[in-house]
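Report on the following structure.
So that the names make sense, note that chain A is the first sequence line, chain B the second, and so on, each numbered from 1.
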Amino acid sequence: MIPLFKEQVYEVTKLIPKGRVSTYGAIAKAVGYPNHSRHVGNAMGGCPKDVPAHRVISGSGKLSVPSFRERLEKEDVLVQENGKIKDFKKLFWNPLEEL
DNA sequence: GGGTTGACGGTTA
DNA sequence: ATAACCGCCAACC
């Protein structure tokens with residue numbers, strides 16, 4: 001059976017701890033599709049509200065959606081002016097390690 | 001049923 | 001260090 005990417009993606013995204021961030025690529029891998037980072041982001045477009053999409057950023061450590069900066073700061077995640085996450089490497093949460 | 005889109009990533013200049 | 005390019009393929013129109 002073919003699991004819908006979206007659903008899988010949402011599930012993993014919900015697992016991201018508060019104050020941590022993850023990337024599209026990592027999540028894509030986590031659901032078993034290594035090179036489908038785009039689909040992850042694409043799925044986020046219409047994601048339910050219970051999905052912390054603001055914790056999902058691009059692999060470069062910057063926000064794909066600048067609007068989420070406020071949300072992230074609210075969770076103690078510092079965002080630089082250039083849109084990059086401060087200490088992104090430290091805050092990065094790898095779903096693969098959890099699964 | 002076919003073509004375009006896309007909240008990306010990695011590689012190459 | 002930056003910028004541009006190419007590839008990847010499900011979901012949507």
Could you give the CD1-to-P distance, from A:I85 to B:dA7, as a whole number of Å?
18 Å
Considering only side-chain heavy atoms of A:R38, which listed nucleotide, C:dC12, B:dA7, B:dG6, is closest?
B:dG6
If I take atom CZ in residue A:F88 and atom C1' in nucleotide B:dG9, what distance separates them, rounded to the nearest angstrom?
12 Å
Any chance you could measure A:T23, atom OG1, to A:K29, atom NZ, to the nearest 0.5 Å?
8.5 Å
Under 4.0 Å, counting only non-hydrogen atoms across every strand here, what does A:G25 touch: a base, just sugar-phosphate, or nothing?
sugar-phosphate
If only side-chain N and O atoms count, and only distance matters, is there a donor-acceptor pair under 3.5 Å linking A:H54 with A:E70?
no
Grab the CG-C1' distance between A:N35 and C:dA10 for me, whole Å please.
13 Å
For the side chain of A:H39, counting heavy atoms from C-beta on, which of B:dA7, B:dG6, C:dA11 is nearest?
B:dG6
Starting at CG of A:N82 and ending at P of C:dA1, how long is that distance when rounded to a whole Å?
12 Å
Verify the contact: side-chain N or O of A:S58 to OP1 or OP2 of B:dA7, cut-off strictly under 4.0 Å; return yes or no.
no
Of C:dC9, B:dA7, B:dG9, the nucleotide closest to the side chain of A:H36 is C:dC9
A:R20 atom CZ: more than 12 heavy-atom contacts under 6.0 Å:
yes
Rounding to an integer number of Å, can you tell me how far A:K84 NZ sits from B:dC8 C1'?
15 Å
Where the side chain of A:V65 is concerned, which of B:dA7, B:dG6, B:dG9 is the nearest nucleotide?
B:dA7
Worked verdict on A:L63 versus A:L72 for side chain to side chain contact (heavy atoms under 4.5 Å, CB included)
CA-CA 10 Å; A:L63 303 180; A:L72 288 168; 3.2 Å; yes
Mind checking whether A:H36 and A:H39 have parallel, tilted or perpendicular rings, split at 30° and 60°?
tilted
Nearest to side-chain heavy atoms of A:K6, which nucleotide of C:dA11, B:dG9, C:dC9
C:dA11
On DNA chain B, does the nearest nucleotide to A:K29 precede the nearest nucleotide to A:C47 from the 5' side, or the other way round? Give the residue.
A:C47
What is the distance from CE of A:M44 to P of B:dC8, rounded to the nearest Å?
11 Å
For A:I27 and B:dA7, what is the distance between atoms CD1 and C1' respectively, to the nearest whole Å?
11 Å
Tell me the interatomic distance from A:N42, atom CG, to C:dC13, atom C1', rounded to whole angstroms.
13 Å
Need one value for A:A28: base, sugar-phosphate or nothing, where a base atom within 4.0 Å counts as base even if backbone is also close, heavy atoms only.
nothing
